[in-house]
J.: 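Take a look at the following structure, please.
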Amino acid sequence: MPVEETILAGLNAQQREAVTTTEGPVLIVAGPGSGKTRVLTHRIAYLLSVRHIDPHQVLAVTFTNKAAKEMRDRLERLVGAQINGLTVGTFHAFCARVLRRDGERVGIAQDFTIYDDADQISVMKQALRDLNLDPKQYGPRTILSTISAGKSNGVTADEFAGLASSYWEEIAGRVYPVYQRLLRLHNALDFDDLLLMTFLLLTTRQDVLDRYQHRYRYIHVDEYQDTNHVQYRLVKELAAKHQNLCVVGDPDQSIYGWRQADIRNILDFERDFPKAKTILLEQNYRSSRRIVDAAQAVISMNTQRKQKHLMTENADGPAISVREHYDEGQEAQFVVQEIQRLVTVGPYRPNDCAVMYRTNAQSRILEEACIRFGLPYQLIGGTRFYERKEVKDVLALLRLVHNPSDGAAFERIIDNTPLGRGIGKQSVAALNAWARAHNTAAVAGCRALVEGMEPLPPVTGRPATGLADIARFVAGMRATLHDTGIVAFFDALLERSGYLRMLEEAGIDEADRVENVNELRSVVADYEMLEAPQALATFLEEAALVSDQDMYNRTADDTEKATLITLHAAKGLEFPVVFIVGAEENILPHSRSQESAAELEEERRLFFVGITRAKERLYISHVFKRTVWGNEQYATRSRFVDSIPPDIIEEIGSSTRRLPAVSPPQTNATRWETHPQPLPHREGSNGHAGQTRVPLPASGGGQGVGFRAGDRVSHPKFGDGAVVSVRDLGDDQEVTIAFVGAGVKKLMASLARIEKRR
DNA sequence: GCGCCCATAATTTTT
DNA sequence: TTATGGGCGC
């Protein structure tokens, strides 16, 4: 069979068109389960094998390492060695590569370090100190996200202040340049910088742009609906010469608007590229007809979308199960036991099943149920490997050796490793002030202390010795780097820093920390074949850009586990059986998303993503009563569920009870209690299945709810104030109050001792 | 400089 | 409810 036939075999008409339309801009709008990845890989295979395009001229960008790896693997299976020279990678990895190669043209050193969230916060705190801004009033996180939004929209430090349109942005506008200067001093870039700096490089250095434009004749972007403004402009620049840009995405699966993903990039593609050809992939090969119908019904409630109709030739499949449970404990128990039932009855295995939820906080109760009823599970998300304290500590040591200017690593080492013993806030502040005055890195100050060279940082005694030791440590490790392998270097680093000894001396409760350090060592060992300096650089780069997904895939060889996952993280996956739990107002849609129609639509898309992960069976559940932050509140079924046509639903246990949002003063709200045992509810106690619940008369509490904006109130600690706004949370309220002396506070009506004044 | 205790806050998180 | 960070006391 000719190559062309092989590549096009089994594709439907639209898919074929998407694969063979290689010239000019192409927008592929790919519904869930429509063979998007297949189209993308086959298209590249077609370019290489049929059109005989040099792989060096083909670029494919994705958002995750996992997607990049999958694309590469599938391509290799299709065309074998022809993929050599092909560029497949995440946006960030691609940009990092460009900057390592050509960044010097815009003042970025070749060995820059990539800063993660924690590093950014450490730098931001320093910036706030430099500006004498109170970090309590101006939360480092919040300022960072404002700056991040700016960077994602292509706004530089110089431009930001001029564009500020609120007091908050004005503050951010003052901080941004200082933050940026510190990053530069540390020889570091944050994630947003990778994109923005690459964009700036390409738009200010014509020769560099020419080179990349010339090289990449064919450009592909996966998950195009998730691109932000900078990514969009970057792609547009790269594709400007050849115009062979193929973007694939689904606006209905855009769930990262809060990360500045700009849904307009896909909605407006045809306007931006007038010659663009749009291909709709509407046939779903993944899910049963009922699931597809449910998804279609839900998503069609959105107004901001590109019209498309999902359809499938798959069988109807079983009805969609919608259930109300008493509380999240019952819900979790049902889910776990239902999975066990499906496994017993067949033909399902635990790993065919996934439980999806809106927030990570919901996973705990599910985990507990899995443990209690003996269902093996795999939790996705949670604390990532690279976010573990000990892993970050060791990474900080490695980073400082690699890039001695790395101030965030330096601070981390002082705070968390034996090298920092005896060095306190005072000394660090003095050193930082000195570094700022001399426009150099803190480590340079340590070096000055070793050599006794002027100008000396104003630190003496024990702290000075400690700082000098750090400089000696860095210099010593750098010296050995050239004559050992990376693993020997890693071991020497743990030894000389005293870090491993510190963990071991901490005893058994730190045993898994040692374990994690060993795990990190085994990752490092993968780079042993490289020269140590190169190995270190490559390892650090990949550690900075790798997400947890890739890590856990490494270890997820056991296939007999059910998956617990957030709806966000579930995008791109599929499972025969899917449970969506917590389908309630204020959870899904999340309470924080109810302010604007756009956010609400994004929540609906999130629900849509969840539904469309299911191939055969879909369970949606909500509860009567949910405990949030230790408060019991009555829940209302999510409005999203109501848009699923009743005839494809099997509804069980749904009561018509709908309590008013706020309990009336003479409360007849019902308090429920576990009966008969266990009393009290103890963790680890078992045999608590099948308990019955009986209503008990209400008592106590309840007082103090029913506030309205404008109410004058007083609080024993904060004094007098006025209610600014009220958010109803089932039977409680979150009240925002402006106090005369104490400022604005958010308080829970049921907990805080707020009294109405008149 | 270190460590404990209490106040505070609390979505989602591809990189 | 839980996690984290800052402040205060030693």
Side-chain angles (χ1 to χ4, degrees), chain A residues 61-68 89-96 114-118 120-121 125 134-136 139-142 145 148 152 189-195 222-223 225-228 231 253-261 328 356-362 364-365 380-384 386-387 389 414-415 420-428 461-463 466 541-550 565-573 582 586-594 599 602-603 605-606 609-610 627-632 683 717 734 745-748 751:
Chain A
V61 273
T62 62
F63 275 84
T64 65
N65 292 294
K66 196 178 160 208
T90 65
F91 264 105
H92 291 84
F94 173 73
C95 288
I114 299 168
Y115 271 12
D116 70 8
D117 295 354
Q120 291 184 55
I121 286 174
K125 284 184 176 167
D134 179 6
K136 262 187 285 182
R141 272 216 153 74
T142 324
S145 73
S148 169
S152 303
L189 299 178
D190 64 23
F191 285 130
D192 299 314
D193 285 337
L194 292 175
L195 306 174
D222 193 14
E223 305 282 14
Q225 77 282 351
D226 290 336
T227 49
N228 64 31
Q231 288 165 326
Q253 293 182 64
S254 164
I255 54 175
Y256 287 102
W258 51 277
R259 288 282 277 118
Q260 304 306 128
E328 62 271 29
M356 304 180 184
Y357 36 83
R358 176 66 236 266
T359 67
N360 279 310
Q362 293 170 256
R364 177 174 235 119
I365 188 105
I380 294 171
T383 322
R384 302 152 201 292
Y386 282 106
E387 281 175 16
K389 187 179 169 299
I414 288 184
D415 289 343
R421 223 176 280 151
I423 306 167
K425 264 198 195 117
Q426 230 29 57
S427 320
V428 173
R462 177 69 233 271
E541 166 112 2
E542 289 181 12
L545 291 177
V546 148
S547 83
D548 199 41
Q549 306 257 326
D550 318 282
I565 191 169
T566 63
L567 287 162
H568 279 90
K571 193 178 70 158
L573 306 178
N586 294 320
I587 300 279
L588 181 64
H590 194 271
S591 54
R592 299 242 170 157
S593 307
Q594 306 221 4
E599 285 177 293
E602 182 153 311
E603 295 286 305
R605 292 195 290 269
L606 194 52
V609 166
T627 304
V628 182
W629 304 335
N631 293 314
E632 288 186 352
E683 192 124 32
K717 195 161 135 214
E734 185 192 81
K745 308 268 174 208
K746 272 190 187 171
L747 303 165
M748 298 301 294
L751 296 179

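This structure is a prediction, so every number in the text was calculated from the model and none was measured.
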J.: In sequence, state the C-alpha distance, the side-chain angles, and the governing distance for A/Q594 and A/N586, and then conclude on side chain to side chain contact (heavy atoms under 4.5 Å, CB included).
T.: CA-CA 8 Å; A/Q594 306 221 4; A/N586 294 320; 3.6 Å; yes

J.: To the nearest Å, how far apart are A/I587 CD1 and B/dA10 P?
T.: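 Taking CD1 of A/I587 and P of B/dA10, I get 16 Å after rounding.
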
J.: Whole-Å distance between B/dA10 P and A/R141 CZ?
T.: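 Atom CZ in A/R141 sits about 10 Å away from atom P in B/dA10.
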
J.: Could you state the atom-to-atom distance from CZ of A/F91 to P of B/dT14 in whole Å?
T.: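 It is 17 Å, rounded to the nearest whole Å.
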
J.: Please check the phosphate of B/dT11 (OP1 and OP2 only) for any side-chain N or O of A/N586 closer than 4.0 Å.
T.: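 False: A/N586 side-chain N/O out of range (4.0 Å or more) of B/dT11 OP1/OP2.
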
J.: If I take atom CD1 in residue A/I380 and atom C1' in nucleotide B/dT12, what distance separates them, rounded to the nearest angstrom?
T.: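 In whole Å, B/dT12 C1' lies 15 Å from A/I380 CD1.
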
J.: Any ion pair linking A/K425 and A/D415 (charged N to carboxylate O, less than 4.0 Å)?
T.: no

J.: Heavy atoms only, 4.0 Å cut-off, all strands: where does A/R358 land among base, sugar-phosphate and nothing?
T.: base

J.: To the nearest Å, how far apart are A/D415 CG and C/dG5 P?
T.: 11 Å

J.: So what does A/K125 hit on the nucleic acid, given a heavy-atom distance under 4.0 Å: a base, only sugar-phosphate, or nothing?
T.: sugar-phosphate

J.: Can you find a side chain N or O atom of A/T359 that sits less than 4.0 Å from OP1 or OP2 on B/dA10?
T.: no

J.: In whole Å, I'd like the distance from the NZ atom of A/K571 to the C1' atom of B/dT12.
T.: 12 Å

J.: Please identify each residue that fulfils ring pair (Phe, Tyr, Trp, His ring centres under 6.0 Å) with A/Y357, with sequence neighbours left out.
T.: none

J.: Given that A/F191 and A/H568 both sit by DNA chain B, which one's nearest nucleotide is further toward the 5' end?
T.: A/H568

J.: Answer yes or no: is there a side-chain heavy-atom contact under 4.5 Å between A/T566 and A/T359?
T.: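 Sidechains of A/T359 and A/T566: no contact.
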
J.: Can A/W258 be called stacked on B/dT12 when the rule is centres closer than 5.5 Å and an angle between planes below 30°?
T.: yes

J.: Report the distance from atom CG of A/N65 to atom P of B/dT13, rounded to the nearest whole Å.
T.: 17 Å

J.: What is the distance, to the nearest angstrom, from the CZ atom on A/F63 to the C1' atom on B/dT13?
T.: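 Rounding to the nearest Å, CZ of A/F63 and C1' of B/dT13 are 13 Å apart.
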
J.: Is it true that a side-chain atom of A/R259 and a backbone atom of A/D226 form a donor plus acceptor pair closer than 3.5 Å?
T.: no

J.: Report yes if at least one side-chain N or O of A/N360 is closer than 4.0 Å to OP1 or OP2 of B/dT11; otherwise report no.
T.: no

J.: The test is side chain to side chain contact (heavy atoms under 4.5 Å, CB included); show your working for A/I255 and A/V609 and say whether it passes.
T.: CA-CA 9 Å; A/I255 54 175; A/V609 166; 4.2 Å; yes

J.: Would you say whether A/H590 stacks on B/dT11? The test is a distance between ring centres of less than 5.5 Å and an angle between planes of less than 30°.
T.: yes

J.: Check this for me: does any side-chain nitrogen of one of A/E223 and A/K571 sit under 4.0 Å from a carboxylate oxygen of the other?
T.: yes

J.: Is it the case that the side chains of A/S593 and A/E603 hold a donor-acceptor pair, with the cut-off being a distance below 3.5 Å and no angle test?
T.: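 Their side chains do contain a donor-acceptor pair, which is all the 3.5 Å distance test asks for.
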
J.: So A/D226, base contact, sugar-phosphate only, or nothing? Heavy-atom distance under 4.0 Å.
T.: base

J.: Let's test your reading of the model: under 3.5 Å, does the base of B/dT11 pair with the side chain of A/R592 as donor and acceptor?
T.: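 When only heavy-atom distances are counted, A/R592 does not reach the base of B/dT11 through any donor-acceptor pair under 3.5 Å.
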
J.: Tabulate atom names and distances for all N/O pairs under 3.5 angstrom spanning the protein and nucleotides 1-6 of chain B.
T.:
| residue | atom | partner | partner atom | Å |
| --- | --- | --- | --- | --- |
| B/dG1 | OP2 | A/G424 | N | 2.3 |
| B/dG1 | OP2 | A/S427 | OG | 3.1 |
| B/dC2 | OP1 | A/G422 | N | 3.0 |

